[in-house]
Amino acid sequence: MHHHHDHCGCGCGHDHEHEHRHEHHGEHAGRHGELSPAQAAFLHELEHHHYLPLARFLVESTVEDDFSSVALSPVYLRGPEETMDQVKETGRMLLDLEERGWLTLDYGYPLEGYPYTEYRESALYALFQRTVKEAAGRPGFLGDTPVLELGSIAPAEE
């Protein structure tokens, strides 16, 4: 992984004319502990875009108004074909970064003007919808409505 940018405009505070292969986010390491290469790459992407789309899969009920259960959270998709394992691995990384104060995961604050197409059309969401529909016919099973709750990932305030 090498970074060769003249001006990326990402606000990461680095002079991109010098090579910095190993310690791209090294100046932050002491404050929050070491970042894995995947975490550093994700934070760089987040800084570049400022906000990234996020979702979670909820199961709600047409019978009980206040019934809501989180089936999968957080969900950040890089593409519509991502597998459950990939999504869970990314989710663990995001929760770790949030816990360590690098970013915030906000549900109910979808990105304005962003269509979330890769979420709505993902194989994972289609599977989730089928699973809820199958389970909905069981007696005593309240969760009969799959819900895609949209949100956003933002860098933590300094």
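- Here the closest heavy-atom approach between residue Glu60 and residue Ser68 is recorded as OE2-OG, 3.6 Å.
- Between Gly108 and Glu149, the shortest heavy-atom distance links the atoms N-OE2, 4.2 Å.
- Nearest heavy atom pair, residue Pro74 against residue Leu105, reads CG-CD1, 4.0 Å.
- Hydrophobic clustering (ILVMFWY, side-chain heavy atoms < 4.5 Å, transitive): Leu54 and Leu52 are in one cluster.
- The two residues Pro53 and Tyr116 have their closest heavy-atom pair at CB-CE2, 3.5 Å.
- Interatomic distance, CD of Gln86 versus CG of Leu77, reported as 9.5 Å (0.5 Å rounding).
- No more than 12 heavy-atom neighbours from other residues, nucleotides or ligands sit within 6.0 angstrom of CD on Glu89.
- Leu124 is not listed as a side-chain neighbour of Glu82, based on a closest heavy-atom distance of 4.5 Å or more.
- Side-chain N or O atoms of Asp144 include one that pairs as donor or acceptor with a backbone N or O of Thr62 at under 3.5 Å.
- A donor-acceptor contact shorter than 3.5 Å links the side chain of Ser152 to the backbone of Tyr109.
- Between Tyr76 and Phe42, the angle of the ring planes goes over 60°, which puts this pair in the perpendicular group of the 30/60° scheme.
- Remark: Arg56 CZ to Leu148 CG distance equals 11.5 Å, nearest 0.5 Å.
- Distance CG/Leu103 to CG/Leu43: 6.0 Å, rounded to 0.5 Å.
- A continuous path of ILVMFWY side-chain contacts below 4.5 Å connects Ile153 to Leu150, so both sit in one hydrophobic cluster.
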Requested in this report: Quick one: do Asp96 and Arg92 satisfy salt bridge (charged side-chain N to carboxylate O under 4.0 Å, His left out)? Show the steps, please.
Outcome: CA-CA 6 Å; Asp96 182 53; Arg92 284 190 293 271; over 6 Å; no
Query - Test side chain to side chain contact (heavy atoms under 4.5 Å, CB included) applied to Leu72 and Met84, step by step - result: CA-CA 9 Å; Leu72 186 61; Met84 177 70 81; 3.8 Å; yes
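- A distance of 13.0 Å separates CG of Leu35 from NE2 of His44, quoted to the nearest 0.5 Å.
- Considering CG of Leu111 and OH of Tyr51, their distance stands at 9.0 Å, rounded to 0.5 Å.
- Note on residues 118-141: pairs passing side chain to side chain donor-acceptor pair (under 3.5 Å), not counting sequence neighbours, are Tyr114-Glu118.
- Note: the hydrophobic cluster containing Phe67 also contains Val132 (ILVMFWY, side chain heavy atoms under 4.5 Å, direct or indirect links).
- Here the closest heavy-atom approach between residue Ala71 and residue Phe128 is recorded as CB-CE1, 3.4 Å.
- Looking at heavy atoms from C-beta onward, Thr145 lies out of side-chain contact with Leu58 at the 4.5 angstrom threshold.
- Looking at Tyr107 and Ser73, their side chains come closer than 4.5 Å, going by heavy atoms from C-beta outward.
- Val75 and Leu95 fall within a single hydrophobic cluster, where Ile, Leu, Val, Met, Phe, Trp and Tyr are joined by side-chain heavy atoms under 4.5 Å apart, directly or via other members.
- To the nearest 0.5 angstrom, Leu46 atom CG is 12.5 Å from Gln39 atom CD.
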